[in-house]
> 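Pasting a structure below so you can have a look.
As the structure is a prediction and not an experimental result, all values here were calculated from the model.
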Amino acid sequence: MVIRNAAVRHGRRQLAAPAARSLLLRHLTTTSTPTATATAHAWPEAQTEQPAQPKLFSASKKKQRRDNASISLSTNTGHEHHGAKWTQTHKLGNRTLTPKKQYAEFERVQRATRSVGTQLERRYVPSELIANPPAPEDVSLELLMASQTHMGHNTSLWNPSNARYIYGTRQGIHIISLEATAAHLRRAARVVEDVSYRGGLVLFVGNRPGQMEIVTRAAELAGACHLYTKWIPGSITNRDVILKNKGIKVVNGKDAELEGFDGYKNTARPLVPDLVVCLNPMENYTLLYECGLASVPTIGIIDTNANPTWVSYTIPANDDSLRSTAVIGGVLGRAGQRGQKRRLADAKNGKVTWETPPSLANQIRKDIKAAVIQRKEVMGRMQANLVGFTEEELEILQTEYDGAAKSVSEADMVNMMAEASVQEAAKTDTPVVDLAAMASDISASLDAAKGHASALEADIAEIRK
């Protein structure tokens, strides 16, 4: 017994291709037992059925064989046809088969067997789930089962809080209920659609290998943000320090960027997502904990070994399968896309479905007050720079005999300014200025001031909207 174990243990170090244990035991038995030797001599054909002894190869030979194998796989020479080539004439019994006859026979067999077999209406294309993900109404139990969303973890790794999502056990593996998965997935899709419809900021997170394309495609559809690298701790609770250099933009209801908010952009705090969709909660506990502190709702794929209390909206499914996460991420991305389309359609009709943040509303009110003050200053300068009017004349222009404000037209102001200039020229013995030219110049300046004032009024009205 010791000799056999030594042969098995040390013999593999000397062989390039390790021999099977049964082969070594059979070899030891036939060489040491007399009965086995007699049987081998009595039945010589049994020896031909035994596998040949493995050949010994050096390191250089093994490397050469490995290189040759890789080359054969790349050039597809491992599937060569060793029979008679159909492009050459050969004999089959008493028949001489030319290439034409062989091709005719091939067509005959193909016509006869064309209707035999199954017809695949839908076939699995791995990139199809990312390029064209399913919509929430396309979710079915067949799709979820084909995507391996029902496969849980070993029964020894389960979290008892997931007992309500587990359908049963098979070969030591927990099976997730597909009905629960479909119901929770549709509920999460409604949440994502409503948040997008209200103009909220959605963040898709998936930082496992292979999930980068899934989260980026989902964020592209939903008009949201994505994260496929490690979460930086404190990006929500300490965002003023960690995200202080990140830029933001101010948009209107039609997602068109607004100008004139440079002061607000430089002083505004970094944004906090309104909803976080996490495809792998087990590796993002810090992210989910910060979302809980900031009261940010979360959606997560909960496997049988995860804690469902980490997220606000659970989706019981397999988080280890890329096909499963692609289906779930694609469905949520389609839901966000639908919410964005609804919001933009209502915005075109004049219906605003989102609320302005309090910080931005305060900034808008400050800008309105500053614009009103600036307008008053401009109008005051316009009235103070009327050349030729004395204080008494200005009082006459501003008030009537009863003290009420008097409305003076632009033509009256131009005539009064012209008369005042004539009187001033007569007093100083200066040549009389052409009244028509002066009136035209003054009217042009008044038109320019009027246009500037109307532009200010339009900006104020737009800011109020």
> With a 4.5 Å cut-off on side-chain heavy atoms, are Trp158 and Ile166 touching?
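Yes, at least one pair of side-chain atoms sits under 4.5 Å.
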
> Walk me through it: do Glu137 and Arg338 pass the test salt bridge (charged side-chain N to carboxylate O under 4.0 Å, His left out)?
CA-CA 12 Å; Glu137 62 270 10; Arg338 182 174 301 178; 3.0 Å; yes

> Donor-acceptor check, side chain of Arg323 to backbone of Ala146, threshold 3.5 angstrom: yes or no?
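Yes; judged by distance alone, with no hydrogens or angles, the pair exists.
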
> May I ask you to test the Val250-Glu259 pair for a side-chain heavy-atom distance under 4.5 Å?
no

> Would you call Val311 and Cys278 a side-chain contact if the rule is heavy atoms closer than 4.5 Å?
no

> Nearest heavy-atom pair of Thr325 and Gln211: which atoms, and what distance?
CG2-NE2, 3.9 Å

> Looking at every heavy atom in both Ile301 and Ala317, which two are closest together, and how far apart are they?
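For Ile301 versus Ala317, the nearest heavy atoms are CG2-O, 3.8 Å.
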
> Can you see which heavy atom on Thr356 is nearest to which on Ile364, and at what distance?
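Heavy-atom minimum between the residues: CG2-CD1, 4.5 Å.
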
> Kindly determine whether Lys246 and Leu271 satisfy side-chain contact (heavy atoms from CB on, under 4.5 Å), including the steps that lead there.
CA-CA 9 Å; Lys246 304 299 180 181; Leu271 299 177; over 6 Å; no

> Without swapping roles, check the side chain of Ser295 against the backbone of Cys291 for a donor-acceptor pair under 3.5 Å.
no

> For His226, what residues pass the ring pair (Phe, Tyr, Trp, His ring centres under 6.0 Å) criterion, not counting sequence neighbours?
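Only Tyr228 meet the ring pair (Phe, Tyr, Trp, His ring centres under 6.0 Å) criterion with His226.
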
> Looking at CG of Asn207 and OG1 of Thr229, how far apart are the two atoms once the value is rounded to the nearest 0.5 Å?
7.5 Å

> With a 3.5 Å distance limit and no angle check, can you tell me whether Asn349 reaches the backbone of Lys351 through a side-chain donor-acceptor pair?
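No, the answer is negative, given that no donor and acceptor are paired below the 3.5 Å cut-off.
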
> Is there a side-chain contact (heavy atoms from CB on, under 4.5 Å) between Met212 and Ile214 once you walk through the steps?
CA-CA 5 Å; Met212 179 183 68; Ile214 299 174; over 6 Å; no

> Is it true that a side-chain atom of Asn280 and a backbone atom of Met282 form a donor plus acceptor pair closer than 3.5 Å?
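No: the side chain of Asn280 does not pair with the backbone of Met282.
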
> Check whether any side-chain heavy atom of Ser359 sits under 4.5 Å from a side-chain heavy atom of Tyr264, and report yes or no.
yes

> Of Asp303, Thr304, Thr314, which is the lone residue that meets side-chain hydrogen bond (donor to acceptor under 3.5 Å, both in side chains) with Tyr165?
Thr314

> Within a strict 4.5 Å, meaning less than it, do heavy atoms of the Val331 and Leu185 side chains meet?
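SC-SC contact between Val331 and Leu185 confirmed.
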
> Taking C-beta and beyond as the side chain, do Asp240 and Pro270 meet within less than 4.5 Å on heavy atoms?
yes

> Is the backbone N or O of Ser321 less than 3.5 Å from a side-chain atom of Ser324, with the two atoms forming a donor-acceptor pair by type?
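Judged by distance alone, no pair lies under 3.5 Å.
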
> Determine yes or no for a side-chain-to-main-chain donor-acceptor pair under 3.5 angstrom, with Asp138 supplying the side chain and Ala135 the backbone.
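Confirmed, Asp138 side chain pairs with Ala135 backbone.
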
> Hey, is CD on Glu283 packed in by over 12 heavy atoms from elsewhere, all under 6.0 Å?
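Yes.
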
> I need the Met151 CE to Gln148 CD distance, nearest 0.5 Å.
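So the gap between those two atoms works out to 7.0 Å.
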
> Ion pair present between Asp274 and Arg198, side-chain N to carboxylate O less than 4.0 angstrom?
no

> Tell me, with the steps shown, if Asp262 and Asn266 meet side-chain hydrogen bond (donor to acceptor under 3.5 Å, both in side chains).
CA-CA 6 Å; Asp262 296 335; Asn266 297 330; over 6 Å; no

> Are Arg342 and Tyr197 in a cation-pi setup, meaning NZ or CZ lies under 6.0 angstrom from the ring centre and within 45 degrees of the ring axis?
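Judged by the rule, Arg342 and Tyr197 form a cation-pi pair.
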
> For Pro136 versus Arg334, what's the shortest heavy-atom pair and its separation?
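Shortest heavy-atom contact: CD-CB, 4.2 Å.
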
> If you measure from OG on Ser147 to CG on Leu322, what distance do you get to the nearest 0.5 Å?
11.5 Å

> So, does Glu193 use its side chain to make a donor-acceptor pair with the main chain of Gly339 at under 3.5 Å?
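Not a single qualifying donor-acceptor pair exists.
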
> With a 4.5 Å cut-off on side-chain heavy atoms, are Val251 and Lys249 touching?
yes

> Run the salt-bridge test on Lys265 and Glu257 with the 4.0 Å N-O cut-off and return the result as yes or no.
yes

> Could you check if a side-chain atom of Pro281 sits within less than 4.5 angstrom of a side-chain atom of Leu288, using non-hydrogen atoms only?
yes

> Among side-chain atoms of His174 and Asn162, is any donor-acceptor pair under 3.5 angstrom?
no

> Salt bridge between Arg114 and Glu107, side-chain N to carboxylate O under 4.0 Å?
no

> How many angstroms lie between OG1 in Thr298 and CG in Leu287, if you round to the nearest 0.5 Å?
8.0 Å

> Strictly distance-based, threshold 3.5 Å: is any side-chain N or O of Ser235 a donor or acceptor partner for the main-chain N or O of Ile232?
yes

> Between the side chain of Arg187 and the main-chain N/O of Tyr313, is any donor-acceptor distance below 3.5 Å?
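No, because the side chain of Arg187 does not come within donor-acceptor range (under 3.5 Å) of the backbone of Tyr313.
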
> Is a side-chain donor or acceptor of Thr155 paired with a backbone partner of Ile173 at a separation under 3.5 angstrom?
no

> Pair Thr169, Ile175 - check side-chain contact (heavy atoms from CB on, under 4.5 Å), show working.
CA-CA 6 Å; Thr169 305; Ile175 305 300; over 6 Å; no

> Going by the side chain to side chain contact (heavy atoms under 4.5 Å, CB included) test, name the single residue among Leu279, Leu221, Val277, Val202 that passes it with Leu332.
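Single pass found, and it is Val277.
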
> Heavy-atom count check: over 12 atoms from other residues, nucleotides or ligands less than 6.0 Å from Glu105 CD?
yes

> If every non-hydrogen atom of Thr237 is compared with every non-hydrogen atom of Gly234, which pair is closest and at what distance?
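Here Thr237 and Gly234 meet closest at OG1-CA, 3.6 Å.
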
> Could you report the tightest heavy-atom contact between Leu258 and Phe261, atom names first, then the distance?
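Nearest heavy atoms, Leu258 then Phe261: CB-CE1, 3.9 Å.
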
> List the steps and the verdict of side-chain contact (heavy atoms from CB on, under 4.5 Å) for Leu203 and Leu275.
CA-CA 6 Å; Leu203 174 63; Leu275 178 66; over 6 Å; no

> Look up atom CG in Leu97 and atom OG1 in Thr89, then write down how far apart they are to the nearest 0.5 Å.
8.5 Å

> May I ask you to check whether over 12 heavy atoms, not counting those of Tyr167, lie within 6.0 Å of atom OH?
no

> Testing the 3.5 Å rule here: is there a donor-acceptor pair between the side chains of Arg217 and Asn132?
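No, Asn132 and Arg217 have no side-chain donor paired with an acceptor closer than 3.5 Å.
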
> What's the separation between atom SG in Cys225 and atom CG in Leu201, rounded to the nearest 0.5 Å?
4.5 Å

